[in-house]
Amino acid sequence: MGNLPEFRKKIDEIDDKILALLNKRAKIVLEIGKIKQKENLELHSPIRERDILLRVERNNQGPFSAESIRTIFREIMSASLSLEGELKVAYLGPKATFSHLASLQKYGTSAQLIPVGQIKEVFQEVEQGRVDYGVVPIENSTDGTVTRTLDNFVDTTLRITGELYLDVHNFLVSESTHIEHLKKIYSHPQPIMQCQRWIEKNLPHVQIIEVESTARAAEICLTDPNAGAITSELAAKLYGLHILARRIEDQVQNTTRFLIVSRKPIHRTGRDKTSILFSIKDKTGALYQILQPFAASKINLTKIESRPSKKKPWEYFFYVDLEGHEEDPKVKKALLGLQDQCLFFKVLGSYPVGN
């Protein structure tokens with residue numbers, strides 16, 4: 001058994017080898033960038049990134065966890081892509097929101113992550129070409145669909161090109177170090193709903209105030225010692241606030257699903273999901289009849305949600321997620337049959353199934 005200095009020397013030697021290999025990898029990345037530029041190809045290839053992550057996770061024999069390996073290689077690929085060109089991503093800000101955390105998880109710290117004030121602005125930034133991708137929340141495992149995101153899909157020309165899942169943990173933070181000093185709690189409506197039972201049990205008499213984001217809630221605490229915020233751990237660190245209670249969400253498994261939107265569609269991977277939006281005539285059995293071809297083709301529907309069209313009373317849009325790619329023969333056939341029966345029909349995108 002070696003001593004501490006010997007082990008540290010071995011680690012230094014391994015670190016030097018890792019550094020040399022990273023720079024060797026970077027040089028190859030630069031050569032690939034030249035080829036992409038010459039052939040007028042997109043610098044960023046989300047399918048290629050996905051394949052790399054799946055391969056290294058599959059080949060990982062520990063003791064690092066699959067999550068740790070994914071994080072390490074995500075940062076390697078993020079830094080490598082920055083050598084080829086700048087990747088710009090819009091998200092619902094400010095910094096330290098859960099949308100920010102999701103963007104970091106997806107694109108790493110070397111991407112230029114651009115916060116905007118509203119979900120519709122994420123769509124606008126991508127539509128106008130100021131960013132490459134947008135990250136928007138679509139649903140939470142505790143309190144359901146983010147309706148503002150659904151509404152923005154009606155008129156947009158953007159395509160859904162990816163999805164990701166983020167484990168959401170809510171923290172009660174404040175400028176104060178004493179929970180009994182709190183008179184108000186600020187947060188976004190979703191975390192408030194996610195922590196409803198905890199609030200009722202622990203702070204039943206405190207005023208709850210909704211604001212546009214969890215990060216904004218943290219900002220407010222800086223100027224009010226009697227205020228608390230339900231926000232992320234990152235926000236507490238970023239704004240220098242005290243954590244008064246950890247993981248106060250009512251459900252242990254509290255996960256938010258995010259969608260990636262961009263201007264161009266993505267190719268089949270063999271493990272895909274398709275999202276569609278449609279409206280139908282208001283008559284008895286209409287929805288059953290229109291979805292029956294999916295059952296007949298054994299196409300699994302993983303989500304169905306209705307929203308008022310806001311254009312005509314009692315007219316609804318239906319948002320549906322289904323397994324498969326729009327170019328898969330049986331999916332293509334079912335979508336063509338559906339389109340003929342709809343007042344409005346739109347394929348929002350086909351994209352790889354997220355982890």
Side-chain angles (χ1 to χ4, degrees), residues 1-89 91 95-115 131-133 135 161-162 164-167 169 232-240 243 258 260 266 269 271 352 354-355:
M1 181 176 180
N3 56 37
L4 187 59
E6 289 176 349
F7 282 128
R8 285 178 172 169
K9 183 179 179 182
K10 289 180 180 180
I11 286 177
D12 289 344
E13 291 172 353
I14 292 171
D15 286 345
D16 288 341
K17 291 178 182 178
I18 292 173
L19 180 61
L21 288 171
L22 285 174
N23 281 310
K24 184 177 180 179
R25 186 187 194 279
K27 290 177 181 177
I28 296 173
V29 166
L30 289 172
E31 292 302 316
I32 291 173
K34 292 177 183 177
I35 294 172
K36 288 179 179 177
Q37 191 173 28
K38 183 179 179 181
E39 298 182 5
N40 198 28
L41 300 174
E42 294 287 336
L43 289 179
H44 182 236
S45 175
I47 293 179
R48 170 60 178 161
E49 285 194 356
R50 175 178 174 270
D51 289 345
I52 290 173
L53 291 174
L54 289 174
R55 181 175 58 80
V56 295
E57 285 183 21
R58 186 170 56 249
N59 293 339
N60 177 39
Q61 297 180 358
F64 277 128
S65 67
E67 183 180 357
S68 295
I69 291 296
R70 173 176 283 270
T71 300
I72 291 167
F73 274 84
R74 160 53 54 212
E75 285 302 319
I76 290 173
M77 291 189 292
S78 178
S80 298
L81 185 62
S82 70
L83 296 174
E84 297 181 64
E86 194 171 51
L87 185 70
K88 297 180 180 180
V89 181
Y91 68 91
K95 289 183 179 180
T97 59
F98 291 112
S99 291
H100 183 206
L101 292 174
S103 301
L104 285 169
Q105 177 178 301
K106 180 68 175 178
Y107 295 105
T109 56
S110 294
Q112 185 180 350
L113 305 181
I114 301 170
V131 300
D132 301 290
Y133 297 103
V135 177
T161 56
L164 70 147
Y165 294 84
L166 179 73
D167 290 334
H169 299 299
S232 65
E233 186 175 18
L234 176 60
K237 293 177 180 177
L238 186 65
Y239 295 104
I243 296 176
F258 292 84
I260 311 301
I266 197 166
T269 68
R271 189 166 175 264
N355 296 324

(request) May I ask you to decide if Tyr165's main-chain N or O and Gln105's side chain share a donor-acceptor pair within less than 3.5 Å? (result) yes
(message) Any side-chain to backbone donor/acceptor pair from Ser78 onto Arg74? Under 3.5 Å, distance only.
(response) no
(request) Answer whether the closest heavy-atom distance between the side chains of Leu101 and Ser232 falls below 4.5 Å. (result) yes
(request) Rounded to the nearest 0.5 Å, what's the gap from CZ on Arg48 to CG on Leu53? Could you check? (result) 10.5 Å
Could you pull out every donor-acceptor pair under 3.5 Å between side chains of residues 64-71 and any protein atom, sequence neighbours left out?
residue: Ser65; atom: OG; partner: Ser68; partner atom: N; Å: 3.1
residue: Ser65; atom: OG; partner: Ser68; partner atom: OG; Å: 3.0
residue: Arg70; atom: NE; partner: Glu57; partner atom: OE2; Å: 2.6
residue: Arg70; atom: NH2; partner: Glu57; partner atom: OE2; Å: 2.9
residue: Thr71; atom: OG1; partner: Glu67; partner atom: O; Å: 3.0

(request) Decide if atom CZ of Arg25 counts as having more than 12 heavy atoms of other residues, nucleotides or ligands within a radius under 6.0 Å. (result) yes
(request) Would you please test Leu43 and Leu87 for side chain to side chain contact (heavy atoms under 4.5 Å, CB included) and show each step? (result) CA-CA 9 Å; Leu43 289 179; Leu87 185 70; over 6 Å; no
(message) What I'd like to find out is whether the side chain of Lys106 reaches to under 4.5 Å of the side chain of Val135, using heavy atoms alone.
(response) no
(request) Mind checking the OH-OG spacing from Tyr133 to Ser103? Nearest 0.5 Å is all I need. (result) 13.0 Å
(request) Taking the side chain as every heavy atom from C-beta outward, state whether Leu113 and Val89 have any pair of such atoms under 4.5 Å apart. (result) yes
(message) Working to the nearest 0.5 angstrom, can you tell me the gap between Lys95 NZ and Leu104 CG?
(response) 9.5 Å
(message) Using side-chain heavy atoms (C-beta onward) and a distance below 4.5 Å, is Lys34 in contact with Lys38?
(response) no
(message) If I compare all heavy atoms of Leu164 with all of Ala102, which pair ends up nearest, and what's the gap?
(response) CD1-O, 3.4 Å
(request) Taking side chain to side chain contact (heavy atoms under 4.5 Å, CB included) as the test, write out the residues that go with Glu39, two or more places apart. (result) Ile35, Leu41
(message) A side-chain contact here means heavy atoms from C-beta on lying under 4.5 Å apart; do Ile76 and Leu22 qualify?
(response) yes
(request) State the CG-CZ distance between Leu4 and Arg8, to the nearest 0.5 angstrom. (result) 4.0 Å
(request) Determine whether more than 12 heavy atoms belonging to other residues, nucleotides or ligands lie under 6.0 Å from atom CD of Gln37. (result) no
(request) Would you check if Glu84 and His44 make a side-chain contact, meaning some heavy-atom pair closer than 4.5 Å? (result) no
(request) Please check if atom NZ in Lys36 has more than 12 non-hydrogen atoms from other residues, nucleotides or ligands closer than 6.0 Å. (result) yes
(message) Rounded to the nearest 0.5 Å, what separates atom CG in Leu21 from atom CD1 in Ile14?
(response) 12.0 Å
(message) Can you list everything that forms a side chain to side chain contact (heavy atoms under 4.5 Å, CB included) with Pro115? Sequence neighbours excluded, please.
(response) Tyr91
(request) Side-chain contact test, heavy atoms from C-beta onward, threshold under 4.5 Å: evaluate it for Tyr107 versus Leu81 and give yes or no. (result) no
